[in-house]
Trainee: 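Structure provided below as structure tokens; questions to follow.
All ligand and atom numbering here is 1-based and tracks the order in the structure. Throughout, numbering of the chain's residues begins at 1 and tracks the sequence.
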Amino acid sequence: MNRDTARAAFYVQKGGVGKTTSAAHVATAAAIDHDLDVVLLDLAGTQNDLATQFGIVDDVEDPDAPISAVFGDDWEFIVDNIPDIVDRMVYDTGEGPDLIPADTGISGADNNLASVPVEQRYLKLDSFISEQLADRYDLVVLDLPGKEDNIALNGIFAAEHVVTPLCPGAFERDQLDSLRDDLEAIREDLGDVLDAHDVHPHLSMVIPTMISGATKQSGEFVEDLEETYPDVAGDSVADSQNIGNLQAEGRTLFAADDDELYQTGKRAREAYRTNTTTLLDHLELQ
Ligand SMILES: Nc1ncnc2c1ncn2[C@@H]1O[C@H](COP(=O)(O)OP(=O)(O)OP(=O)(O)O)[C@@H](O)[C@H]1O
Ligand SMILES: [Mg+2]
């Protein structure tokens, strides 16, 4: 499909691998290094992790224009009657990108989508991005749920480009294999709908995260990953305490001064910069 604005979906059917952290850092690098207008969409559940990452969780509580409404039957009515609806949805992260936060209606929206005819079920988010966001933003970054629900499928349809962070762990080999199988299964299950709309979801980048230089497990994981995904394996993001500590303060690595960072933090920041440049190339954004 020919897209009116660039889109990337951070997705894998696995929790705690660095999806939210990676989405936030890539969106921020795209905004500050490449001078792009970027918006992050938090569709990853109700925890509002992206708002926490940017220290604005108190501001986004109880939004008067929740993102979940986009998936509901009343959406057209809302758009017709509230002309500044998108202004009301969007928050400034203070680091470059804008954020449309998660809200408590997302799991209900996922349930309701099950009764929408399959031809329309997965296209709600794509329409919202085209109609409401495309003329404001150069890049839309989606943080998706770590499971294949109707919301995640909306994100995959809307973006086509899937970015998958993975970290070393007990089941790393399985993760690598199942990632490929998951996208293949989506293409098979929804082949007719995908073809009808000329949508081709594919893996654009795999980002190895929480990579510790000191452990054999990390080394083997990165080697495996580069072998399994030679075309899309990105730079390894170092395991760094700085990331969690800064998140607790509501900042990314890009908002920290050099003297606040360990070597691991500097290396992780550099890897996110490089991965962002590679991804933007892939999205033909530079
Ligand atoms: N490079 C890193 N080094 C150290 N810790 C990291 C790194 N990247 C992420 N983390 C930490 O790992 C945890 C999980 O990261 P994150 O929340 O980004 O994963 P996720 O895939 O979005 O998880 P969920 O499935 O819960 O949404 C967080 O506590 C985060 O601070
Ligand atoms: Mg997350």
Trainee: Note the single closest protein heavy atom to atom 23 (O) of ligand 1, along with its residue, its atom name and the distance in Å.
Mentor: Gly16 N, 3.0 Å
Trainee: Quick one: look up the protein heavy atom nearest atom 10 (N) of ligand 1 and list residue, atom name and how far away it is.
Mentor: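 For this ligand atom, the closest protein heavy atom is Met210 CE, 3.7 Å.
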Trainee: Using the ring pair (Phe, Tyr, Trp, His ring centres under 6.0 Å) rule, pick out the option among Phe157, Trp75, Phe71 that qualifies with Phe128.
Mentor: Trp75
Trainee: Does the cation-pi check pass for Arg180 over Tyr229, that is, NZ or CZ under 6.0 Å from the six-membered ring centre and within 45° of its axis?
Mentor: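 Relative to the ring axis of Tyr229, which defines the angle, Arg180 lies inside both limits.
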Trainee: For ligand 1, is there an N or O atom under 3.5 Å from any N or O atom of Asp239?
Mentor: yes
Trainee: Quick one: CG on Leu40 to CG on Leu99, what's the gap to the nearest 0.5 Å?
Mentor: 6.0 Å
Trainee: Against heavy atoms of Gly15, which atoms of ligand 1 measure under 4.0 Å?
Mentor: 25 (O)
Trainee: Donor-acceptor pair, distance only, cut-off 3.5 Å: does the side chain of Ser218 make one with the backbone of Ile211?
Mentor: no
Trainee: What protein heavy atom sits nearest atom 19 (O) of ligand 1, and how far away is it?
Mentor: Gly18 N, 2.9 Å
Trainee: Select the closest option to atom 15 (O) of ligand 1 among Leu144, Ile207, Thr21, judged by heavy-atom distance.
Mentor: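 Residue with the shortest heavy-atom distance to the ligand atom: Thr21.
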Trainee: Which bit of Ile243 gets closer than 4.0 Å to ligand 1, counting heavy atoms only: side chain, backbone, both or neither?
Mentor: side chain
Trainee: Is the distance from the Mg ion (ligand 2) to the nearest N/O/S atom of Gln47 under 2.8 Å?
Mentor: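 Short answer: no, not a single N, O or S atom is under the cut-off.
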Trainee: Would a distance-only check, ignoring hydrogens and angles, find a side-chain to backbone donor-acceptor pair under 3.5 Å from Thr209 to Val17?
Mentor: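 Checked: pair present.
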Trainee: Only heavy atoms of Val17, strictly under 4.0 Å: list the atoms of ligand 1 that pass.
Mentor: 19 (O), 20 (P), 21 (O)
Trainee: Students should be able to answer this: which protein heavy-atom is nearest to atom 30 (C) of ligand 1, and at what distance?
Mentor: Gln247 OE1, 3.3 Å
Trainee: If the cut-off is 4.0 Å to any non-hydrogen atom of Gly244, which atoms of ligand 1 fall inside it?
Mentor: 31 (O)
Trainee: Specify the protein heavy atom at minimum distance from atom 27 (O) of ligand 1: its residue, its atom name, and the distance to 0.1 Å.
Mentor: Thr20 OG1, 4.0 Å
Trainee: Thr252 and Gln53: side-chain donor and acceptor closer than 3.5 Å?
Mentor: no
Trainee: Which residue owns the protein heavy atom closest to atom 20 (P) of ligand 1, what's the atom, and how far is it?
Mentor: Lys19 N, 3.4 Å
Trainee: Give the cluster check for Tyr262 versus Leu246: same hydrophobic cluster or not, with ILVMFWY residues linked at side-chain heavy-atom distances below 4.5 Å.
Mentor: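 Looking at the clustering, Leu246 is in a separate group from Tyr262.
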Trainee: Hey, what's the ring geometry for His161 with His282, parallel, tilted or perpendicular (30° and 60° as the breaks)?
Mentor: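 Aromatic pair His161/His282 classed perpendicular.
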Trainee: Can you tell me which residue and heavy atom of the protein come closest to atom 3 (N) of ligand 1, and the distance to 0.1 Å?
Mentor: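 Nearest protein contact, heavy atoms only, for atom 3 (N) of ligand 1 is Ser240 N, 2.9 Å.
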Trainee: For Val237, take its heavy atoms, then give the atoms of ligand 1 lying under 4.0 Å from any of them.
Mentor: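 With Val237 as reference, the close atoms of ligand 1 come out as 1 (N).
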Trainee: Only heavy atoms of Ala238, strictly under 4.0 Å: list the atoms of ligand 1 that pass.
Mentor: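 Counting from 1, the qualifying ligand atoms are 1 (N), 2 (C), 3 (N).
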